Amino acid sequence: MDIEFKLKKTVLEAIEKLYRQTVDEKSVQIQKTRKDFEGDFTLVVFPLLRVSKKPPEQTAEEIGNYLKENVSEIHEYNVIKGFLNLSFDKSFWISYLESVAQDDHFGFISNKENPKTILIEYSSPNTNKPLHLGHVRNNLLGYSVAKLLETQGDKVYKVNLVNDRGIHICKSMLAWQKWGDINSYLDWCINNTDEIVEKIRTLVKQNIFNYCKRIVLSYKNGNIGRSIDENYKQEVIGLYEKTKSNKNPINQLVNILENHEIYLKDSKNYKLLKRRIDKQKRELEFRNEKIEPKTSGKKGDHLVGDFYVKFDQEYKKQIGSLISEGLTEDEAKQTAPLILEAQKMLIDWEAGDKKTRELWKKMNSWVLEGFDVTYKKLGVDFDKVYFESDTYKLGKKLVLEGLEKGMFFKKEDGSVWADLTDEGLDQKILLRSDGTSVYMTQDLGTAHQRFSDYNATEAIYVVGNEQNYHFQVLKIVLAKLGFEWAENLYHLSYGMVELPEGKMKSREGTVVDADDLLEEMTRTADEMSRELGKLDDFSNEERKKIIETIGLGALKYFILKVDPKKTMTFDPKESIDFNGNTGPFIQYTYARIQSLIKKAHSNGLDIPVGLNSKINISGKELQLIKLIHTYPEVLAEAATDYSPAQIANYIYDLAKEFNQFYHDHPILSESNRSISEFRLYLSKEVSKIIKSSMGLLGIQVPERM
RNA sequence: GGUCUAGUAGCUCAGUUGGAUAGAGCAACAGCCUUCUAAGCUGUGGGUCACAGGUUCGAAUCCUGUCUAGAUCACCA
């Protein structure tokens, strides 16, 4: 039986015996004793004064006495103000640790009686541009929450809904049709260098610390790194000379450089890009063809994204000239020829026009191939992928049925609306006057389809909080249509990701691209490990695997440790920090323990099957066992709150606690064999929990690093 | 303007069924590698928990108001 439950029960019993009264279970507050006090569990007695009619100290004493006599595990107790602190016998904790070790799925619930069937939708990309940092948060959250829910014994299906139709897709298609020949495209790439410079600025900024460090280190060693821009190098070295008398010259240097634009002079990446484009142009100039992923050397999603940007640029131009002809902004936006063409294309698409469909198929397949690469690198997957192009018609059908039954109404122009004024909301459009679907239409259809596909009890949508209103409406409309499961829709509404400079804006080139980001993280992990000389004796293959694990771990942890509901700031510089509260810190702790176990093994010291319950354990060791004790509880809470952040915080506490223990407790060199074995045993359990909990975040742990 | 969310150390974040002296990391400064991985550990400084009221034995946490920031209220998705 759970020990906290047992305590609670005995306290209720004590009150009955001592004061001849009963109290609400809620008034019995048992919590973990804070670190700075003696004890394992604490009973807060204030709420009980009502029935004891005695001062807090006396009440606590009386209950403490009763508990000590009736709960065998309690070793002693103390009273401070209104707090009754209970200490358990150390052997209790040691045997608890043994029970944890014997449990192969510690903290996880298996064989649940009535498991729920939960659908979780995440990712939901649009097929008109590549994935960016915002999608990364979405994907990591969705994947991790799915794992969290599984720990509670429920059946979970991960689904993706690809938004592959709609006006935005038509925009990319149209732009490709108009300006997709190889020469125009390559010209456009070159003229767009401003955006590329912005991108490089972000990249270099992410990398500035390691970059400067490398220059300074090679300078100190008397080497000259050849790949580094000469002017830039001279400036860095000059600044270093000025700051080197400081304690941390490199940090000082970085601080100076951050407020200094000189890193932009390192335009190596920029030049390379430009040269590559030029070369391509020369090679392809005489081919009268349309650009494709193959010829452009770009991933399909990136190529299509370029045309989305191109559309926007041309559209803006048209709006501008219409406004100068005297139209208002709104008028201009609605009547610009390009947007009309795009709208026409959407109608053609819905009508099943063969040419439009073919173009659409081709470009979509490019994008989807690109997404698959990104998903794979991110380590996320799905049980089923839905396509909006398959489901939107079902939505249309539902709306028309609802219209017939009088649940919705039609306006004069033919558009269909839901009246939600009774719910305190506005009217909401469900079908356009030209009969085409809107976002809401297809979401109605998809919801219906997936519930029947899986006979699900619950559906979770991992979607940003900018769509709170949409989901509020979705639930109401589904309920109006008479679906009972409508109330089991849950919108896991996560906060936006912002950069230190502010919000990401695709038009200003401040979007952090997912593929770039992943590459950058691995590169940083590589540089770090080289500087520290950590992986020198590894083969290239092993090395590659480890740095990928670390780079990805850093990114995932950085994003997941923040409460999903909150808007978060993504500072590239902090994200590549591998010290402190970071993924690599935890991975390192794990690797350390593995190395310890290996070494023990080769010294002939094996992890014992059982423990000697009489050994004396230190406060830190006790602390660790108690922390392990809370793991199942943490899992349950994280699952009900859909919050991987709670797991992340827990793992950090555990790793930190372990490192402190590791620092001042000899393990292999401990002469008392029982103690040495106990410490090894404890270490192994800690590492098992690290591995299991990191797995829930989708983060792998390396055996060595 | 209506609705919703947030505001905790210089920065990024923890801290909920209301409990003891509000915690970490980064940044700064001072230390610890002939000893199990120093991607580690220890210490110092840093706070009017946005502000003002209220509820009570007790409030960062609950309520009300104010200020600030963001989201949303589209025949965009």
Side-chain angles (χ1 to χ4, degrees), chain A residues 26 29 31 33-34 36-37 42 44 46-47 49 56 80-83 85 124 126 128 163 165-169 247-248 251 255 334 343 388 411 413-417 424-426 428-434 436 438-440 442-443 464-470 472 493 495-496 498 500 503 525 528-529 531-532 534 550 554 558 561-563 565-571 573-575 577-582 584-589 591-600 603 641 645-646 648-649 652-653 655-656 659-660 662-670 679-680 683 704-705:
Chain A
K26 266 190 238 158
Q29 294 177 20
Q31 46 198 236
T33 305
R34 291 179 56 135
D36 10 85
F37 298 92
T42 295
V44 185
F46 292 110
L49 302 183
I80 299 168
K81 292 198 229 165
F83 299 91
N85 300 321
S124 332
N126 292 344
N128 63 331
N163 200 314
R165 47 132 260 138
I167 189 78
H168 55 293
I169 315 289
K247 176 75 187 173
N248 282 320
N251 285 355
N255 284 338
Q334 281 168 23
Q343 281 163 356
E388 199 185 302
K411 284 195 180 171
D413 60 5
S415 52
V416 179
W417 296 73
L425 301 173
D426 221 336
K428 186 81 190 173
I429 188 157
L430 300 178
L431 277 181
R432 292 195 188 98
S433 52
D434 62 9
T436 54
V438 291
Y439 184 43
M440 184 63 70
Q442 68 82 22
D443 244 358
N465 62 14
E466 53 194 352
Q467 292 192 31
N468 286 350
Y469 183 72
H470 172 79
Q472 207 183 340
S493 157
M496 299 287 101
E498 293 179 1
K503 300 185 62 180
M528 288 290 225
S529 71
E531 264 163 35
L532 296 168
K534 286 279 182 182
I550 296 171
F558 186 81
K561 76 174 173 188
V562 181
D563 182 348
K565 285 180 301 216
K566 290 195 174 171
T567 303
M568 70 171 288
T569 308
F570 184 88
D571 187 342
K573 196 173 121 227
E574 271 178 45
S575 74
D577 196 344
F578 291 176
N579 304 312
N581 189 356
T582 64
F585 167 83
I586 294 160
Q587 290 172 321
Y588 175 71
T589 308
R592 259 183 157 180
I593 298 175
Q594 295 319 298
S595 140
L596 190 65
I597 292 171
K598 242 178 269 163
K599 196 157 268 178
N603 285 3
D641 294 347
Q646 292 178 23
N649 287 321
Y652 175 65
D653 283 345
K656 184 155 183 65
N659 277 321
Q660 287 165 358
Y662 180 89
H663 184 260
D664 41 40
H665 291 70
I667 298 169
L668 303 181
S669 46
E670 166 62 46
R679 289 178 180 164
L680 200 56
S683 303
R704 284 182 61 187
M705 71 182 267

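Just so it is clear: chains get the letters A, B, ... in the order the sequence lines come, proteins before strands, and each one is counted from 1. Since the model is a prediction, treat every value here as computed from it, not as a measurement.
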Out of [options], which nucleotide sits closest to the side chain of [X]?
X	options	value
Q660(A)	rU42(B), rC36(B), rG19(B)	rU42(B)
N85(A)	rC13(B), rA20(B), rG40(B)	rA20(B)
K599(A)	rC36(B), rA77(B), rA71(B)	rC36(B)
F83(A)	rG19(B), rC13(B), rC41(B)	rG19(B)

| query | Are OP1 or OP2 of rA74(B) and a side-chain N or O of R432(A) less than 4.0 angstrom apart? | reply |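 Negative; the distance criterion is not met.
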Does [X] reach a base, just sugar-phosphate, or nothing at all? Heavy atoms under 4.0 Å.
X	answer
M568(A)	sugar-phosphate
V562(A)	sugar-phosphate
S529(A)	base

Do any N or O atoms of the protein come closer than 3.5 Å to N or O atoms of nucleotides 57-63 of chain B, and which pairs are they?
none

| query | In terms of ring plane angle, is the pair Y439(A) and H470(A) parallel, tilted or perpendicular, where the classes change at 30° and 60°? | reply |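 Rings of Y439(A) and H470(A): parallel, as their planes differ by under 30°.
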| task | Based on the glycosidic angle (syn within 90° of 0, else anti), state the conformation of rC33(B). | result |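 Syn, since the glycosidic angle lies within 90° of 0.
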| field | Sequence-distant partners of D664(A), salt bridge (Lys or Arg N to Asp or Glu O under 4.0 Å), two or more places apart | value |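 None.
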| said: Applying salt bridge (Lys or Arg N to Asp or Glu O under 4.0 Å), can you list everything that pairs with E574(A), at least two apart in sequence or on another chain? | reply: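 Residues passing salt bridge (Lys or Arg N to Asp or Glu O under 4.0 Å) with E574(A): none at all.
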| query | ring-ring contact (aromatic ring centres under 6.0 Å, His included) with F578(A): which residues, sequence neighbours excluded? | reply |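 ring-ring contact (aromatic ring centres under 6.0 Å, His included) list for F578(A), sorted by chain: empty.
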| field | Closest-nucleotide ordering on RNA chain B, the 5'-leading residue of L431(A) and K503(A) | value |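 Closest to the 5' end, via its nearest nucleotide, is K503(A).
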Produce the list of close N/O pairs, under 3.5 Å, pairing protein atoms with atoms of nucleotides 21-25 of chain B; give distances to one decimal.
residue	atom	partner	partner atom	Å
rA24(B)	O2'	Y652(A)	OH	3.0
rG25(B)	OP1	K656(A)	NZ	3.2
rG25(B)	O2'	N581(A)	N	3.4

| remark: With both pairing distances under 3.5 angstrom for Watson-Crick or G-U wobble, and | for a partner in another strand, the correct string for RNA chain B is (((((((..((((.....[...)))).(((((.......))))).....(((((..]....))))))))))))....
